[in-house]
Amino acid sequence: MNNNTDDERLNDFIRDRVEADLASKKYTSIVTRFPPEPNGYLHLGHAKSICLNFGVALENSGTCNLRFDDTNPVKEDVEYVESITEDVKWLIDGWADMVLSEKIYFASEYFEQLYEYAVQLIKDNKAYVCELRPEEWEEYRGVPEKPGKESPGRDRSSEENLDLFERMRAGEFADGEKTLRAKIDMNSPNLHMRDPVIYRIRHEEHHHAGDKWCIYPMYDFTHCLSDSIEGVSHSICTLEFEVHRPLYDWVLDNLPVSQPRPFQHEFSRLNPTYMVMSKRKLLQLVEGGHVTGWDDPRMPTIAGYRRRGFTASSIRRFCQDVGVTKYKALTDVSLLENSIRVELNKTAERRCAVLDPLEVIIDNYSDEVSEQLEAVNNPEDESAGKRMVPFGRRLFIERADFMEDPPKKFFRLGPGREVRLRYAYFITCQSFEKDDEGNIIRLRCTYDPKTHGGNAPDGRKVKGTIHWVSADHAVDAEVRLYDRLFTQEEPESQGDFLDCINPDSLNVVMGKLEPSLAELSVGERVQFERLGYFTPDPKDSASEKPVFNRIVGLRDSWAKIAKK
RNA sequence: UGUCCCGUGGUGUAAUGGUAGCACACCUGGUUUUGGUCCAGGCAGUCGGGGUUCGAAUCCCUGCGGGACAACCA
């Protein structure tokens, strides 16, 4: 279901291309790569890319390299290298882990080779040292509608350029004083082809390469050559790199790289409703304290979803459902919610928990007795078996399951009404008590002993079945109810996205849980009947003080009726 | 007002010149000891205009609409 199997063959323009390239013998084996920059945590958009790159490799018995595109030391950090590695492995585990390259690659490990390639370009009179400042370059570069102007350094001899470039490496110049540019075409309508910078000076320690370098290659020069060095066949990236493709091709076509060389293919990035997906904005959320961190369960990061309780397979399923095209799409977040519900409905055991407790006294139930009742663990999976839950005279039910003056369509408790307590008895509400402020604080009910287990021997029906926990046995737990982080479908579309942060994205309540939930360990997911799917928070939950996250709520058709 | 890319139900995506299908969402009804699940059904689409063809979502032209690009970021 979550894997790409023969009965569910994936089909998209990239896979078509891969297939054609194999058929034409352009490549004999397929190598893809996932190339994150370690400057932030991975998010759902990266998940889509991971599923594509690893999926294509998997379907073609190829390999997929995890490579850090770490050419900008000022923005990058080992913290991100570690989180990204963990997230990738978690996401592909049990699915495509066998196609992951044995070693983890770093573009920074190619710096020496890249330098040699740059030297070759200079020797071939295809690159030159430029001393224009960024502000000056803006004028030289021109605008798309008008041609640019040639840099004064453009016609320098390659001997001189070689000397200058060596001295750049040796650290003779300050940051920004000089750059190495590819000599391409100042009249190109594509700005990226107007003599792009391929090396800049940064006297900065590198998180992976150490203090070896003070010049660093730019993305456009590094990426294609890294692909080539690794023997990548299909270099798959997002649409914004489309205009870079001519440069990708230029570099590989002007250097003696091995053949067949890689080619770049672009697809549109994931853009789900009620989320922001750019690393810059996610960083803003973290640094601005709007969330508790990159792994806050409300964040659209892989770490956030993992902590919240999503399974890797549900995220993969979502990425599969979303598809791969070049169309700038807006993906309904309900697709993601559906993928986790579908899975958890089959796999999660059922438990009872009351999150907004209202006390119920069963007046005709003896105070001395406390029996155990049998409950089904998962109606979707008989092999999950059964468990015993304690019942008593004093219970908690959900406050929302009682109405003082219920409308006709309300099938739950009201004065004089009878409902079924799941797996227990039919009860009838005889009266209710209020405090001085008029809040209902207690229900007084009677039960029908003949309905033990929830069946009426006389065949009478009740419309409603509600969940409950025994007050004397209940476990107290903090429960975190998450909602979407933004109130707008497209938080980035109008003005400041921070203005539409959902003030109710987190609702913390103290719940009453059935005793078996005290033993639930991290990584286990259960359904709280009639409420949703929950899991212990991996960071904050402790056996003496459990904390639960709501992964996703159940579909709630009553909420729709109630709205009308 | 440059170059490139993209337009299929509300949303996303298939159909690779031959019956426009699937999923999500929404709406009905049925089953149900979860107002969950499940089952049955429904709503709803090829951006416009020309052309090629026996036949066009698909190929061509054109118009319209949307997007990307002007870091010494990736």
Side-chain angles (χ1 to χ4, degrees), chain A residues 11-13 16 35-37 39 69-72 74-76 130 132-134 137-138 141-148 175-181 188-194 196-202 215-216 218-220 222-223 237-246 266 268 273 279-280 321-339 341-342 345-346 350 352 375-376 379-380 409-412 419-424 426 451 453-455 461-467 489 527-532 553-562:
Chain A
N11 207 17
D12 55 64
F13 75 99
D16 286 350
E37 183 189 16
N39 67 345
D69 223 340
D70 55 349
T71 56
N72 185 3
V74 305
K75 286 191 177 173
E76 299 159 7
C130 172
L132 253 23
R133 295 291 172 159
W137 177 252
E138 208 179 309
R141 187 215 312 111
V143 291
E145 301 81 14
K146 289 191 206 106
D175 288 6
E177 208 173 301
K178 290 186 168 32
T179 57
L180 185 71
R181 291 188 181 279
S188 172
N190 183 340
L191 260 23
H192 296 278
M193 296 297 273
R194 318 246 264 228
V197 170
I198 56 177
Y199 267 90
R200 79 289 215 181
I201 301 171
R202 286 274 179 286
I215 55 171
Y216 291 95
M218 299 285 291
Y219 166 85
D220 287 301
T222 308
H223 201 94
C237 61
T238 44
L239 239 34
E240 65 271 23
F241 291 100
E242 211 159 23
V243 286
H244 294 241
R245 191 180 345 128
E266 311 87 11
S268 67
T273 54
K279 279 198 256 186
R280 206 194 94 244
D321 288 349
V322 157
V324 178
T325 64
K326 303 188 76 150
Y327 176 71
K328 189 199 181 298
L330 180 65
T331 299
D332 194 328
V333 69
S334 68
L335 214 55
L336 177 65
E337 295 172 349
N338 181 256
S339 80
R341 283 196 193 109
V342 164
N345 176 50
K346 295 288 184 219
R350 273 57 171 176
C352 285
V376 172
E380 303 290 317
K409 285 203 166 175
F410 187 80
F411 300 149
R412 287 112 89 154
V419 296
R420 175 189 295 112
L421 293 179
R422 187 122 161 107
Y423 301 125
F426 287 9
T451 58
N455 291 302
K461 303 277 187 204
V462 285
K463 269 281 185 58
T465 300
I466 65 175
H467 64 279
E489 276 203 341
Q527 183 193 105
F528 289 177
E529 291 216 28
R530 301 210 302 137
L531 297 174
L554 251 31
R555 272 172 55 188
D556 186 358
S557 56
W558 165 245
K560 286 174 199 163
I561 298 167

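Below, read A as the first sequence line, B as the second, and so on, with proteins coming before strands; counting in each chain starts at 1.
The distance between atom CZ of Arg412(A) and atom C1' of G36(B), rounded to the nearest whole Å, is 12 Å. Atom CG in Leu336(A) sits roughly 19 Å away from atom P in A23(B) (whole-Å rounding). To the nearest angstrom, P of U8(B) lies 13 Å from CG of Leu330(A). Atom CG in Asn338(A) sits roughly 10 Å away from atom C1' in A25(B) (whole-Å rounding). Here the C1' atom of nucleotide G36(B) and the CD atom of Glu380(A) are 9 Å apart, to the nearest Å. What separates CZ of Phe241(A) from P of C69(B) is a distance of 10 Å, to the nearest Å. One interatomic measurement links the two molecules: NZ of Lys409(A) to C1' of G35(B), which rounds to 11 Å at whole-angstrom precision. Going from atom NE2 of His244(A) over to atom C1' of C5(B) covers 14 Å, rounded to whole Å.
In this structure, A15(B) makes no Watson-Crick or G-U wobble pair, since no nucleotide meets both defining distances under 3.5 angstrom. Nucleotide A25(B) is matched to nothing when pairs are restricted to Watson-Crick or G-U wobble geometry with both distances under 3.5 angstrom. Under the Watson-Crick or G-U wobble criterion, with both distances below 3.5 Å, G9(B) is left unpaired in every strand shown. For G36(B), there is no paired base (Watson-Crick or G-U wobble, both distances below 3.5 Å). Partner assigned to G2(B) is C69(B), using Watson-Crick or G-U wobble distances below 3.5 angstrom. The partner of A20(B) cannot be assigned: no Watson-Crick or G-U wobble pair with both contacts below 3.5 Å exists in any strand.
When the nucleotides G2(B), U34(B), A68(B) are ranked by their closest atom to the side chain of Arg530(A), U34(B) comes out on top. Comparing C69(B), G36(B), C27(B) by their nearest atom to the side chain of Val243(A) picks out C69(B). Ranking G35(B), C6(B), U34(B) by closeness to the Ile561(A) side chain, first place goes to G35(B). Considering only the side chain of Met218(A), C72(B) comes nearest among C24(B), C69(B), C72(B). You'll find that the side chain of Glu240(A) is closest to A68(B), out of A68(B), C24(B), U34(B). Of the candidates C72(B), C27(B), U34(B), C72(B) carries the atom nearest the Trp137(A) side chain, counting heavy atoms from C-beta on.
Comparing C24(B) with U31(B), their P atoms are spaced 23 Å from each other, to the whole Å. Between the C1' atoms of U28(B) and C43(B), the separation comes to 10 Å (whole Å). On the C1' atoms, U46(B) is 13 Å away from U13(B), given to the nearest whole Å. U8(B) and A23(B) are spaced 15 Å apart, taking the C1' atom of each and rounding to whole Å. Separating the C1' atom of C59(B) from that of U53(B) is a span of 10 Å, rounded to the nearest Å. Taking atom P on both A56(B) and C47(B), the two are 15 Å apart, rounded to the nearest angstrom. If you take atom C1' in A14(B) and the same atom in G50(B), they sit 28 Å apart, rounded to whole Å. Between the P atoms of U34(B) and A68(B), the separation comes to 49 Å (whole Å).
OP1 or OP2 of A15(B) sits under 4.0 Å from a side-chain N or O of Asn11(A). At the phosphate of C4(B), neither OP1 nor OP2 sits under 4.0 Å from any side-chain N or O atom of Lys326(A). At least one side-chain nitrogen or oxygen of Arg200(A) sits closer than 4.0 Å to the OP1 or OP2 atom of C73(B). In this structure, Thr331(A) does not reach the C24(B) phosphate: none of its side-chain N or O atoms is under 4.0 Å from OP1 or OP2.
Rounded to the nearest 0.5 angstrom, Glu242(A) CD and Asn190(A) CG are separated by 11.0 Å. Here the straight-line distance linking atom CG of Asn338(A) with atom CG of Asp321(A) works out to 7.5 Å at 0.5 Å rounding. Interatomic distance, CE of Met218(A) versus CD1 of Ile198(A), reported as 10.0 Å (0.5 Å rounding).
His192(A) comes within 4.0 angstrom of the backbone, heavy atoms only, and of no base. Residue-level contact check: Leu180(A) touches neither bases nor backbone, having no heavy atom under 4.0 Å from any strand. At a threshold of 4.0 angstrom between heavy atoms, the contacts of Leu191(A) include nucleobase atoms, whether or not backbone atoms are also involved. Contact annotation for Pro379(A): base contact, defined as any heavy-atom pair under 4.0 Å involving a base atom. Counting non-hydrogen atoms under 4.0 angstrom, Asn455(A) reaches a base of the nucleic acid. As judged by a 4.0 angstrom heavy-atom cut-off over every strand, Lys279(A) is placed among residues making no nucleic acid contact. Using a 4.0 Å heavy-atom distance criterion, Phe411(A) is classed as a base contact. Within the nucleic acid shown, Glu242(A) comes within 4.0 Å of sugar-phosphate atoms alone, with no base atom in reach, counting heavy atoms only. When heavy atoms are screened at a 4.0 angstrom cut-off, Phe410(A) is found touching base atoms of the nucleic acid. Within 4.0 Å (heavy atoms only), Arg555(A) reaches sugar-phosphate atoms of the nucleic acid but no base atom. Nucleic acid contact for Glu37(A): sugar-phosphate only, since backbone atoms but no base atoms lie under 4.0 Å from a heavy atom of the residue. Using a 4.0 Å heavy-atom cutoff across all strands shown, Ser188(A) reaches no nucleic acid atom at all. Among the protein residues, Arg194(A) comes within range of no part of the nucleic acid, since none of its heavy atoms lies under 4.0 Å from any strand. Counting any heavy atom pair closer than 4.0 Å across all strands shown, Val143(A) reaches a base atom.
In this entry the base of A71(B) is syn relative to its sugar, with a glycosidic angle within 90° of 0.
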Do Asp332(A) and Ser334(A) pass the side chain to side chain donor-acceptor pair (under 3.5 Å) test, and can you show the C-alpha distance, the side-chain angles, and the key distance before you say yes or no? CA-CA 5 Å; Asp332(A) 194 328; Ser334(A) 68; 3.2 Å; yes

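Residue-to-nucleotide contacts include a donor-acceptor pair under 3.5 Å from the side chain of Asp16(A) to the base of U16(B). No N or O donor and acceptor, one from the side chain of Glu145(A) and one from the base of U3(B), sit under 3.5 Å apart.
Between the side chain of Arg341(A) and the backbone N or O of Gly553(A), at least one donor-acceptor pair lies under 3.5 Å. Using a distance-only test at 3.5 Å, with no hydrogens or angles considered, no donor-acceptor pair links the side chain of Lys75(A) to the main chain of Glu37(A). At distances below 3.5 Å, at least one donor-acceptor pair connects side-chain atoms of Ser268(A) with backbone N or O atoms of Tyr327(A). A donor-acceptor pair is defined here as one N or O able to donate and one able to accept, closer than 3.5 Å; such a pair exists between the side chain of Arg194(A) and the backbone of Ser188(A).
For the pair Leu554(A) and Tyr327(A), nearest-nucleotide mapping onto RNA chain B gives the more 5' position to Tyr327(A). Mapped onto RNA chain B by nearest heavy atom, Thr325(A) and Arg341(A) fall at different nucleotides, with Thr325(A) at the one closer to the 5' end.
Under the 6.0 Å distance and 45° angle rule, Arg530(A) does not count as a cation-pi partner of Trp558(A).
Taking the six-membered ring where the residue is Trp, Tyr219(A) and His244(A) present perpendicular rings, their angle passing 60° and hence far from 30°.
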